[in-house]
Student: 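I'd like to ask you about the structure that follows.
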Amino acid sequence: MLDNEGIAYQEVLAKACGVALEKRILSFSVEPPTSNRQSIRHQWNRPTKPKTSTAKRRIPLLPERVLDAPGLVDDFYLNLMDWSSKNMLAVGLEDTVYIWNGDTGDVTEFCKTRPDELVTSLSWAGDGSYLAVGTDEGDAQIWDVDTSSRIRSMRGHTSRVGVLSWDQHIVSSGARDGSIWNHDVRIAQHKVAALNGHSSEVCGLEWRPDGKMLASGGNDNLVQIWDARSSTPYMTKTNHNAAVKALAWCPWQLNLLATGGGKQDHMIHFWNTTSGGKVNSVHAGSQVTSIKWSIEYKEFVSSHGFPNNYLSIWSYPTLNKIADLPGHDSRILHTSLSPDGQTLATTAADENLKFWNVFESRKNKKKAVIDPEEELVGSYRKMTIR
């Protein structure tokens, strides 16, 4: 029991602390104070980005158009198709070059070589006014597209000219004996350089868009990169284990070169031609016959021979495969991209010429809705290139 003095002290202390003497200090009947803060689970389990529904680009699995190409020579080392900046697609069939007009859809016979002479390579000049034609007799001919006439024939190679590539007034020719010649089409003495870096047939040849470097690939499994000012290789790459026909300079990174190997290799390598280093590689699963970069997307398409004969679309630099398109019944030999960069033309040993909408532009307006059955029939409506 507290005396009067103790009780008085207790009352003073309780008053100072704000405690009522008639209530217990710990009372379970009183609700705890509420918090205005959101729960930690609600805070940290939120998605970091809002969900958006972004539709992926639709890539048709069927060709838009199919033409017959009877008489196409089944030879991996030749280059018998090229698409000009004026929307003219040239195709070489035996001794004749045919042109398909991309604006009208008309096919015309453009030129013929001698009866005993085969067309072995084609390449349009940059402005689309002239077509270079290589033959199995070692000639590199220049034809005027407006007059359909041969304006000169540059002889000298002792074996067939399987590949051609233009840089302004210079046309380079690669031959079966491993030689590469640069021809100046403006002057009588046309041979202005001889590039001797291959020991076997040259089957790939590609000028960089700025004209400062030339890439070549051969049946000796080599990739040679040439400085335009020199006749000795700037760098040599020996990583492929088969012939290198597929060569492609990246349009949005000029020092990046893609190269693809033949049926014993199946590899696509990517080279930084400034440093000389290999920056990426991917196993394509089949013989690589061509590589074409998109001019709008960070993507490229590769064409293939044995064993799958398909087209593959890849993203870069991730090298994720976007789509495989079952292309032809036999190996795809040649491809060429339309001047707007959207349509890829392919020819194969099955003697078909097909057109694929592989890089449809974002800028295209929404197409009108048509009957799916009519679209399918239209896709396979056949014509002949002859």
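Nothing here was measured: the structure is a model prediction, and the numbers come from that model.
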Student: Check whether L122 and V73 end up in the same hydrophobic cluster, where Ile, Leu, Val, Met, Phe, Trp and Tyr are linked by side-chain heavy atoms less than 4.5 Å apart.
Tutor: yes

Student: Under 3.5 Å, is there a donor-acceptor pair between the side chain of S330 and the main chain of D350?
Tutor: yes

Student: Report yes or no: does N101 contribute a side-chain atom to a donor-acceptor pair with the main-chain N or O of V107 at less than 3.5 Å?
Tutor: no

Student: Parallel, tilted or perpendicular: which describes the rings of Y297 and F359, with under 30° parallel and over 60° perpendicular?
Tutor: tilted

Student: Treat each ILVMFWY residue as a node, draw an edge where side-chain heavy atoms are under 4.5 Å apart, and state whether V133 and I170 are in one component.
Tutor: no

Student: Within the 3.5 Å criterion, strictly below it, is a donor on H269 or S281 matched to an acceptor on the partner's side chain?
Tutor: yes

Student: Please answer whether the main-chain N or O of G285 pairs with a side-chain N or O of H283 as donor and acceptor at a distance below 3.5 Å.
Tutor: yes

Student: Taking the six-membered ring for Trp, are W207 and W249 closer than 6.0 Å centroid to centroid?
Tutor: no

Student: Relative to the ring of W83, is the ring of W100 parallel (under 30°), tilted (30 to 60°) or perpendicular (over 60°)?
Tutor: perpendicular

Student: Taking all non-hydrogen atoms of both residues, which atom of V202 and which atom of G178 are closest, and how far apart?
Tutor: CG2-O, 3.6 Å

Student: Between A90 and W124, which heavy-atom pair has the shortest distance, and what is it?
Tutor: CB-NE1, 3.6 Å

Student: Within the 3.5 Å criterion, strictly below it, is a donor on T120 or D136 matched to an acceptor on the partner's side chain?
Tutor: no

Student: Please check this pair: side chain of H190 against backbone of H183, looking for a donor-acceptor N/O pair closer than 3.5 Å.
Tutor: no

Student: Considering only NZ, NE, NH1 and NH2 on the basic side and carboxylate oxygens on the acidic side, decide whether K245 and E206 come within less than 4.0 Å.
Tutor: no

Student: Counting C-beta onward and ignoring hydrogens, is there a side-chain heavy-atom pair between T238 and L222 closer than 4.5 Å?
Tutor: yes

Student: Test R150 against C111 for side chain to side chain contact (heavy atoms under 4.5 Å, CB included), laying out the working first.
Tutor: CA-CA 8 Å; R150 185 177 64 189; C111 67; over 6 Å; no

Student: Evaluate W314 against S302 for side chain to side chain donor-acceptor pair (under 3.5 Å), listing each step before the verdict.
Tutor: CA-CA 8 Å; W314 311 77; S302 57; 2.9 Å; yes

Student: Does one hydrophobic cluster hold both V282 and I313, with members joined at side-chain heavy-atom distances below 4.5 Å?
Tutor: no

Student: Check the side chains of Q141 and W143 for a donor-acceptor pair under 3.5 angstrom, ignoring hydrogens and angles.
Tutor: yes

Student: For R176, what residues pass the side chain to side chain donor-acceptor pair (under 3.5 Å) criterion, not counting sequence neighbours?
Tutor: none

Student: Test L80 against V119 for side chain to side chain contact (heavy atoms under 4.5 Å, CB included), laying out the working first.
Tutor: CA-CA 8 Å; L80 296 174; V119 175; 4.2 Å; yes

Student: Answer yes or no: is there a side-chain heavy-atom contact under 4.5 Å between V279 and L256?
Tutor: yes

Student: Do K292 and L344 touch side chain to side chain, with heavy atoms closer than 4.5 Å?
Tutor: yes

Student: So if I apply the salt bridge (charged side-chain N to carboxylate O under 4.0 Å, His left out) rule between R160 and each of E137, E201, E117, which one comes out positive?
Tutor: E201

Student: Taking N79 for its side chain and S121 for its backbone only, find out whether a donor-acceptor pair lies under 3.5 Å.
Tutor: no

Student: How long is the straight-line distance from OG of S231 back to CD1 of I180, given to the nearest 0.5 Å?
Tutor: 11.5 Å

Student: Using a distance-only test with no angle check, is there a side-chain donor-acceptor pair under 3.5 angstrom linking N308 and Y310?
Tutor: yes

Student: Just wondering, are more than 12 heavy atoms of other shown residues or ligands nearer than 6.0 Å to NZ in K278?
Tutor: yes

Student: Please check this pair: side chain of D68 against backbone of P70, looking for a donor-acceptor N/O pair closer than 3.5 Å.
Tutor: no

Student: In terms of hydrophobic clusters joined by side-chain contacts under 4.5 Å, are L131 and V171 together?
Tutor: no

Student: Can a salt bridge be assigned to the pair E296 and R362 using a cut-off of 4.0 Å between side-chain N and carboxylate O?
Tutor: yes

Student: Less than 6.0 angstrom separating the ring centers of W293 and F300, yes or no?
Tutor: yes

Student: Ignoring hydrogens and angles, state whether a donor on the side chain of N221 or H240 is under 3.5 Å from an acceptor on the partner side chain.
Tutor: no

Student: Please examine the side chains of S179 and L195, heavy atoms only from C-beta on, and report whether any two atoms are closer than 4.5 Å.
Tutor: no

Student: Is the backbone N or O of F110 less than 3.5 Å from a side-chain atom of T108, with the two atoms forming a donor-acceptor pair by type?
Tutor: no

Student: When rounded to the nearest 0.5 angstrom, what is the spacing between CE in M81 and CG in L333?
Tutor: 9.5 Å

Student: Taking Q224 for the side chain and G197 for the main chain, is one N or O donor matched with an acceptor at less than 3.5 Å?
Tutor: yes

Student: Compare every heavy atom of V145 with every heavy atom of G128, then report the nearest pair and how far apart it is.
Tutor: O-CG1, 3.6 Å

Student: Is there a donor-acceptor pair closer than 3.5 Å between any side-chain N or O of E351 and the backbone N or O of G71?
Tutor: yes

Student: Report the distance from atom CD of E360 to atom CD of Q342, rounding to the nearest 0.5 Å.
Tutor: 6.5 Å

Student: How long is the straight-line distance from OG of S303 back to CG of L325, given to the nearest 0.5 Å?
Tutor: 11.5 Å

Student: Between K112 and T96, do the side chains contain a donor N or O and an acceptor N or O under 3.5 Å apart?
Tutor: yes

Student: Using atom types as modelled and distance alone, determine if a side-chain donor or acceptor of T289 lies under 3.5 Å from a backbone N or O of I332.
Tutor: yes

Student: Minimum heavy-atom separation for W226 to S216, with atom names?
Tutor: NE1-OG, 3.0 Å

Student: Regarding D220 and S200, do their side chains bring together a donor and an acceptor under 3.5 Å, going by distance alone?
Tutor: no

Student: Decide side chain to side chain donor-acceptor pair (under 3.5 Å) for T346 and W356; before the verdict, give the C-alpha distance in whole Å, the side-chain angles of both, and the deciding distance to 0.1 Å.
Tutor: CA-CA 8 Å; T346 62; W356 308 82; 3.0 Å; yes

Student: Rounded to the nearest 0.5 Å, what separation is found between the CG atom of N182 and the CG atom of L214?
Tutor: 6.5 Å

Student: Would you say S172 and W181 are linked by a side-chain donor-acceptor pair, where the criterion is simply a distance under 3.5 Å?
Tutor: no

Student: Will you find, in the side chains of H334 and S290, an N or O donor that is under 3.5 Å from an N or O acceptor?
Tutor: no

Student: Before you tell me yes or no, could you show the steps for R186 and H169 under side chain to side chain contact (heavy atoms under 4.5 Å, CB included), namely the whole-Å CA-CA distance, both residues' side-chain angles and the distance that decides it to 0.1 Å?
Tutor: CA-CA 7 Å; R186 303 169 301 175; H169 55 273; 3.0 Å; yes

Student: Do L118 and Y77 land in one hydrophobic cluster if side-chain heavy atoms of ILVMFWY residues count as linked below 4.5 Å?
Tutor: no

Student: Quick one: are L67 and F355 in side-chain contact, heavy atoms under 4.5 Å?
Tutor: yes

Student: Does the side chain of H157 pick up a donor-acceptor pair with the side chain of S159 at under 3.5 Å?
Tutor: no

Student: Does any donor atom in the side chain of E299 or S294 lie under 3.5 Å from an acceptor atom in the other side chain?
Tutor: no

Student: What I'd like to find out is whether the side chain of L319 reaches to under 4.5 Å of the side chain of N280, using heavy atoms alone.
Tutor: yes

Student: Rounded to the nearest 0.5 Å, what separates atom CG in N357 from atom CG in L61?
Tutor: 12.0 Å

Student: Of the non-hydrogen atoms in L89 and S336, which two are nearest, and what is the gap between them?
Tutor: CD1-CB, 4.3 Å

Student: What I want to find out is whether D74 reaches R331 closely enough, with some N-O distance under 4.0 Å, to be called a salt bridge.
Tutor: yes

Student: Looking only at side chains, do T158 and D177 share a donor and an acceptor under 3.5 Å apart?
Tutor: yes

Student: Do you know which two heavy atoms are closest between G218 and H198, and how far apart they sit?
Tutor: N-CE1, 3.6 Å

